[in-house]
There are 2 protein chains.
Amino acid sequence: MPLIERLPKKQRHQHLLKLIEENPFVTDRELTRELKVSIQTIRLDRMELGIPELRERMKQMAEHSYDQVRSLPLDEVVGEVVDLQLDKSGISIFEIREDHVFSRTHIARGHYVFAQANSLAVALINDEIALTASADIRFLRQVHLGEKCIAKAYVRSMNGHKGKAKVEVFTYVGEEMVFQGNFVIYRSTAEDIIEGGM
Amino acid sequence: MPLIERLPKKQRHQHLLKLIEENPFVTDRELTRELKVSIQTIRLDRMELGIPELRERMKQMAEHSYDQVRSLPLDEVVGEVVDLQLDKSGISIFEIREDHVFSRTHIARGHYVFAQANSLAVALINDEIALTASADIRFLRQVHLGEKCIAKAYVRSMNGHKGKAKVEVFTYVGEEMVFQGNFVIYRSTAEDIIEGGM
DNA sequence: ATCATTTTAGAACCTGGTACTAAAACAGTA
DNA sequence: TACTGTTTTAGTACCAGGTTCTAAAATGAT
């Protein structure tokens with residue numbers, strides 16, 4: 001059992017990591033020329049380091065970037081409002097479809113679940129203008145493809161008839177709560193300018 | 001030379017284009033099942049339409065996203081990542097268009113601004129799975145139709161190599177900060193189950 | 001000299017294709 | 001009906017860039 005001079009291998013591993021980080025599109029064969037070892041050694045090294053093959057690396061990058069690109073087309077109304085008592089409470093339903101999930105995992109992107117809650121919170125406010133000022137949100141468990149999110153929103157406070165309203169939203173899949181958020185909504189009857197908020 | 005009834009082929013081409021656009025990761029074999037023709041026909045169709053093979057498509061996507069600072073010439077694509085240093089920082093640009101605003105006020109809906117920030121925060125995390133766990137967000141001023149939102153995200157902490165990461169996002173229109181958010185992102189290398197989070 | 005580790009070699013097999021040849025099925029027309 | 005042209009299907013050989021497995025050789029430490 002060699003005890004010293006074990007560096008070459010570790011050094012090569014470091015070098016390998018660096019090379020692949022520099023150029024993730026490098027093949028094993030190209031690496032042999034750089035590292036001066038056989039292709040089998042390269043492959044053993046990759047195994048030990050847990051580095052996937054070139055094609056898998058490319059696939060991961062492609063999926064990653066694809067997920068970014070397709071991540072925005074939210075519909076005008078996110079979720080169907082099935083019950084609405086202005087300034088009091090409301091319920092909306094939103095089914096997670098193919099468009100709303102990460103392709104790899106089939107788990108819903110957070111901003112869709114947020115969008116449902118945000119839309120409902122804004123819809124609840126009985127004023128001409130209602131914009132989200134801030135929010136404090138928590139995703140309690142993943143939501144999967146095909147699941148139906150039921151968001152329930154309650155107006156908690158109502159600073160006069162102008163100003164801010166606090167709305168609490170709970171989103172469920174069946175019995176389970178999957179999301180919870182506290183929204184502060186700016187409200188205004190006229191088109192007067194609000195110093196902040198959306 | 002058949003002159004009429006030439007539709008089936010063109011129809012199939014349209015269908016093929018749509019299928020591949022919907023899911024660029026589809027293999028020829030999978031397409032045969034959808035289109036009910038032989039794999040050779042699929043391949044002839046791809047040839048005629050100039051659609052490269054799956055691996056080439058993935059490679060192009062991967063290369064495209066790898067190309068660090070891409071051309072600013074904003075695509076139609078909203079929330080385009082123009083700079084990305086994994087696990088460190090990133091920048092994305094999103095132009096507010098008709099679809100993204102309240103029709104009355106021409107003010108952007110909050111969840112679009114949130115979506116840009118959320119997507120960027122998730123994109124930043126260099127792991128197979130990255131889901132938003134919670135967020136604390138603030139809309140600092142309204143964003144109007146036509147304005148360009150530039151989101152800058154920074155990874156602030158990195159609980160080991162599994163677990164949670166904290167990402168801070170600032171969104172600007174010109175010099176003005178319009179949004180600020182603190183995201184907690186769950187991260188995981190494997191497909192192991194995460195108890196909560198999106 | 002001996003023994004464990006490390007490296008190399010080689011063969012079989014895999015996916016998701018390309019390139020090419022050729023037969024069959026389908027259509028329209030003379 | 002027979003001929004012609006397009007379209008579809010089938011099949012083979014080949015490719016890159018690997019994985020998986022077995023096994024031999026080189027290296028180094030004691």
Side-chain angles (χ1 to χ4, degrees), chain A residues 1-67 103-105, chain B residues 1-66 128 189-191:
Chain A
M1 10 16 206
L3 289 174
I4 46 169
E5 283 302 340
R6 321 306 317 289
L7 297 157
K9 189 177 180 177
K10 299 218 167 184
Q11 261 178 315
R12 195 184 55 235
H13 279 189
Q14 289 313 305
H15 197 172
L16 184 67
L17 281 166
K18 212 189 77 192
L19 287 170
I20 290 180
E21 193 184 354
E22 272 171 17
N23 175 19
F25 299 97
V26 69
T27 64
D28 287 358
R29 187 149 304 282
E30 286 164 352
L31 288 166
T32 63
R33 294 196 267 275
E34 204 77 18
L35 296 172
K36 310 283 189 195
V37 289
S38 73
I39 202 161
Q40 283 80 359
T41 301
I42 300 289
R43 286 168 181 172
L44 281 174
D45 286 356
R46 267 201 301 104
M47 287 259 273
E48 288 183 51
L49 294 168
I51 300 170
E53 61 167 290
L54 167 60
R55 286 160 173 168
E56 193 52 39
R57 296 196 298 270
M58 292 199 306
K59 187 180 178 185
Q60 281 173 18
M61 294 181 71
E63 274 171 340
H64 201 89
S65 76
Y66 183 65
D67 282 342
S103 55
R104 270 180 59 75
T105 56
Chain B
M1 12 6 212
L3 290 173
I4 46 169
E5 283 302 339
R6 321 307 316 292
L7 298 156
K9 190 176 178 178
K10 298 218 167 182
Q11 263 178 313
R12 194 184 56 236
H13 279 190
Q14 288 312 305
H15 197 173
L16 183 68
L17 280 167
K18 211 189 79 193
L19 287 170
I20 291 180
E21 194 185 352
E22 271 172 17
N23 176 17
F25 300 97
V26 69
T27 65
D28 287 356
R29 187 149 302 285
E30 286 164 352
L31 288 167
T32 64
R33 294 195 267 275
E34 204 77 17
L35 296 172
K36 310 285 189 193
V37 289
S38 72
I39 202 162
Q40 284 79 359
T41 300
I42 300 288
R43 285 166 181 173
L44 281 173
D45 286 356
R46 267 201 300 102
M47 287 261 272
E48 288 182 51
L49 294 168
I51 300 169
E53 60 167 292
L54 166 60
R55 284 160 174 168
E56 195 50 38
R57 296 196 300 270
M58 292 198 306
K59 188 180 177 187
Q60 281 173 16
M61 293 180 72
E63 276 171 341
H64 192 79
S65 76
Y66 188 67
E128 288 177 28
T189 47
E191 300 261 343

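One interatomic measurement links the two molecules: CG of B:Leu35 to P of D:dT7, which rounds to 17 Å at whole-angstrom precision. Rounded to a whole Å, the CZ atom of A:Phe25 is 20 Å from the P atom of D:dA16. Following rounding to the nearest Å, B:Arg57 (CZ) and C:dG16 (P) show an atom-to-atom distance of 11 Å. The nearest whole Å value for the distance from the CG atom in B:Leu16 to the P atom in D:dT8 is 12 Å. One can place NZ of A:Lys10 at 13 Å from P of C:dT7, the figure rounded to the nearest angstrom. Across the protein-nucleic acid pair, A:Arg12 atom CZ and D:dT27 atom P stand 14 Å apart, rounded to whole Å. As rounded to whole Å, 19 Å separates atom P of C:dC20 from atom CD1 of B:Ile39. Between the CD atom of A:Glu56 and the P atom of C:dT15 there is a distance of 14 Å, rounded to whole Å.
Scanning both residues, B:Arg57 and B:Pro52, for their nearest heavy atoms gives NH1-O, 2.8 Å. Here the closest non-hydrogen pair linking B:Thr32 and B:Val37 is CB-O, 3.4 Å.
For B:Gln40 and D:dG11, a side-chain-to-base donor-acceptor distance below 3.5 Å is present, hydrogens and geometry of angles not being considered. A donor-acceptor contact under 3.5 Å is not formed by the side chain of B:Arg55 with the base of C:dG17.
Residue A:Thr41 has no polar side-chain atom (N or O) positioned under 4.0 Å from OP1 or OP2 of C:dT7.
Using a 4.0 Å cut-off on heavy atoms, the residues of residues 27-34 of chain B that approach DNA chain C are B:Thr27, B:Asp28, listed by number. Using a 4.0 Å cutoff on non-hydrogen atoms, the parts of residues 42-54 of chain B near DNA chain C are B:Arg43, B:Arg46, B:Glu53, B:Leu54, ordered by number.
Under the 3.5 Å distance criterion, the side-chain polar atoms of B:Glu56 are left unmatched by any main-chain donor or acceptor of B:Glu53.
Side-chain contact between B:His15 and B:Gln11: absent, with no pair of heavy atoms (C-beta onward) separated by less than 4.5 Å. Put simply, the side chain of A:Leu31 reaches to within 4.5 Å of the side chain of A:Asp28, judged on heavy atoms. Side-chain contact check for B:Met61 versus B:Phe25: some heavy-atom pair is nearer than 4.5 Å. Between B:Leu19 and B:Val26 there is no side-chain heavy-atom pair separated by less than 4.5 Å.
Remark: B:Ile20 CD1 to B:Ile42 CD1 distance equals 8.0 Å, nearest 0.5 Å.
With salt bridges taken as basic N to acidic carboxylate O contacts below 4.0 Å, one links A:Lys9 and A:Glu48.
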